[in-house]
Undergrad: 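The following block contains the structure, expressed as structure tokens.
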Amino acid sequence: MTFTIPQRHCQCVVCRRPFFGEQTLQFETASTGAVQAKIVASDKVQGYQGVMQGGLISTLHDSAMLHCLFSLGVEAMTASIDVRFHHPVPINTPIVIQARLVSQRRKLYQLESYISCGEQLCSSAKSRFIQT
């Protein structure tokens with residue numbers, strides 16, 4: 001299931017432009033309420049040879065968690081993010097980015113995100129967003 005991206009977010013360099021070659025990042029809502037996107041990271045996002053650059057991995061987590069909030073009708077900004085790198089994210093291989101809401105209290109939202117390649121968890125993140 002797709003959802004509407006707020007008009008104020010239409011210039012986002014990550015999700016609205018071809019960040020990964022010709023692909024744009026398209027998140028869909030899963031039956032669990034989480035969001036997910038599938039992409040193939042191209043040479044354009046390479047850090048060390050054959051793997052995605054760490055800052056761009058962090059960017060994917062941030063974008064996934066924000067889109068999870070968009071799917072719930074919430075506009076918010078990142079207050080904090082903690083990213084863990086478990087295994088390198090390979091380029092030219094399909095990867096899946098997922099995010100889910102963990103908790104909400106007033107205008108503060110806590111989320112988790114995961115990036116995997118096949119069955120292998122490559123990176124995870126936790127964040128807090130504050131509603132704008």
Side-chain angles (χ1 to χ4, degrees):
M1 179 168 70
T2 60
F3 49 89
T4 304
I5 305 297
Q7 183 63 31
R8 296 180 346 151
H9 191 74
C10 69
Q11 297 301 313
C12 177
V13 70
V14 178
C15 63
R16 305 306 287 169
R17 295 197 176 96
F19 189 67
F20 295 94
E22 298 301 314
Q23 315 169 73
T24 57
L25 203 50
Q26 299 290 323
F27 286 96
E28 294 184 353
T29 306
S31 60
T32 61
V35 297
Q36 78 172 31
K38 296 177 183 178
I39 60 165
V40 176
S42 72
D43 297 3
K44 292 180 181 182
V45 295
Q46 183 171 237
Y48 284 104
Q49 188 170 356
V51 298
M52 187 184 284
Q53 196 270 345
L56 297 175
I57 293 168
S58 299
T59 300
L60 285 178
H61 283 296
D62 188 53
S63 185
M65 291 184 274
L66 179 61
H67 282 78
C68 184
L69 291 174
F70 287 163
S71 76
L72 300 170
V74 175
E75 287 188 48
M77 298 180 91
T78 310
S80 67
I81 187 167
D82 179 32
V83 179
R84 303 276 320 250
F85 301 96
H86 306 285
H87 295 281
V89 176
I91 59 167
N92 300 318
T93 304
I95 61 173
V96 176
I97 307 104
Q98 299 176 312
R100 71 179 190 91
L101 178 66
V102 175
S103 68
Q104 171 192 355
R105 185 172 168 213
R106 296 186 186 172
K107 293 185 176 191
L108 188 64
Y109 297 82
Q110 294 186 358
L111 295 101
E112 293 178 341
S113 177
Y114 304 94
I115 297 176
S116 56
C117 181
E119 297 296 315
Q120 185 170 60
L121 176 64
C122 297
S123 181
S124 61
K126 295 180 179 184
S127 71
R128 287 186 294 167
F129 281 74
I130 189 159
Q131 191 169 8
T132 54

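Everything numeric here is computed off the predicted structure, so don't read it as measured data. All heavy atoms count here, side chains included; hydrogens, waters and symmetry mates do not.
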Undergrad: If you define the side chain from C-beta out and look only at heavy atoms, does anything of D43 sit under 4.5 Å from N92?
TA: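 Yes - at least one pair of side-chain heavy atoms lies under 4.5 Å apart.
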Undergrad: Within the distance-only criterion (no hydrogens, no angle test), does the side chain of Q46 pair as donor or acceptor with the backbone N or O of Q49 below 3.5 angstrom?
TA: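 Checked: no pair found.
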Undergrad: Can you tell me if T59 uses its side chain to pair, donor with acceptor, with the backbone of I57 under 3.5 Å?
TA: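 Not at all, since once roles are kept as given, no pair shorter than 3.5 Å links the two residues.
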Undergrad: Nearest 0.5 angstrom please: L69 CG to M77 CE, how far?
TA: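 One gets 12.5 Å once the value is rounded to the nearest 0.5 Å.
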Undergrad: Are F85 and I95 co-members of a hydrophobic cluster defined by side-chain heavy atoms under 4.5 Å apart?
TA: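 Linked, I95 and F85 end up in one cluster.
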Undergrad: If I take atom NE2 from residue H67 and atom CG from residue L72, how far apart are they, to the nearest 0.5 angstrom?
TA: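 If I round to the nearest 0.5 Å, the distance is 12.5 Å.
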Undergrad: Given side chains that start at C-beta, do those of V89 and I115 come closer than 4.5 Å, heavy atoms only?
TA: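 V89 reaches I115 side chain to side chain.
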Undergrad: Of all the heavy-atom pairs spanning I97 and A64, show the shortest one and how long it is.
TA: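 Between these two residues, the closest heavy atoms are CG2-CB, 3.4 Å.
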Undergrad: If two hydrophobic side chains count as joined below 4.5 Å and joins carry through other members, does V96 share a cluster with L60?
TA: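 No; tracing contacts between hydrophobic side chains, which count when under 4.5 Å, never links both residues.
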Undergrad: Taking all heavy atoms of V35 and all of S71, pick out the closest pair and write down the distance.
TA: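 Residues V35 and S71, closest heavy atoms: CG1-OG, 3.7 Å.
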Undergrad: Could you check S123, S116, S124 and say which one makes a side chain to side chain donor-acceptor pair (under 3.5 Å) with H86?
TA: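 The side chain to side chain donor-acceptor pair (under 3.5 Å) with H86 is passed solely by S124 among S123, S116, S124.
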Undergrad: Can a donor-acceptor pair be found, under 3.5 Å and without considering hydrogens, that links the side chain of Q120 to the backbone of C122?
TA: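 No, Q120 side chain to C122 backbone: no donor-acceptor pair under 3.5 Å.
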Undergrad: Should I39 and L25 be marked as a side chain to side chain contact (heavy atoms under 4.5 Å, CB included) after you check the CA-CA gap, both sets of side-chain angles, and the distance that decides it?
TA: CA-CA 7 Å; I39 60 165; L25 203 50; 3.6 Å; yes
Undergrad: If you round to the nearest 0.5 Å, how far is CZ of R105 from CD of Q110?
TA: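 Rounded to the nearest 0.5 Å, the CD-CZ separation comes out at 10.0 Å.
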Undergrad: Might you point out which heavy atoms bring H61 and S113 nearest each other, and give the distance in Å?
TA: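 Here H61 and S113 meet closest at ND1-OG, 2.8 Å.
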Undergrad: Looking at I91 and M52, what are the two nearest heavy atoms and their distance?
TA: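 Closest heavy-atom pair between I91 and M52: CG2-N, 3.9 Å.
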Undergrad: Are I81 and L66 connected into the same hydrophobic cluster when the rule is that any two of I, L, V, M, F, W, Y join if their side-chain heavy atoms are below 4.5 Å apart?
TA: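 The answer is yes; both residues are in one hydrophobic cluster.
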Undergrad: Going by salt bridge (Lys or Arg N to Asp or Glu O under 4.0 Å), name the pairs with one or both residues in residues 115-132, residues two or more places apart or in two chains.
TA: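 Pairs touching residues 115-132 that pass the test: none.
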Undergrad: Mind checking the SG-OH spacing from C68 to Y109? Nearest 0.5 Å is all I need.
TA: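 OH of Y109 is found 11.0 Å from SG of C68.
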Undergrad: How far apart are the closest heavy atoms of S63 and F27, and which atoms are they?
TA: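 So the minimum-distance heavy-atom pair works out to OG-CE1, 3.9 Å.
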Undergrad: For the atom pair OH (Y114) and CD (Q98), what is the distance rounded to the nearest 0.5 Å?
TA: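 So the gap between those two atoms works out to 9.0 Å.
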Undergrad: Give a yes or no on whether V83 and V51 share a hydrophobic cluster (residues Ile, Leu, Val, Met, Phe, Trp, Tyr; joining criterion: side-chain heavy atoms under 4.5 Å apart).
TA: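 Shared cluster, no.
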Undergrad: Would you say L101 and V74 make side-chain contact, with heavy atoms under 4.5 Å?
TA: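 No, every pair of side-chain atoms sits at 4.5 Å or beyond.
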Undergrad: Indicate the atoms forming the closest heavy-atom contact of F129 with T78, along with that distance.
TA: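 Closest heavy-atom pair between F129 and T78: CE2-OG1, 3.2 Å.
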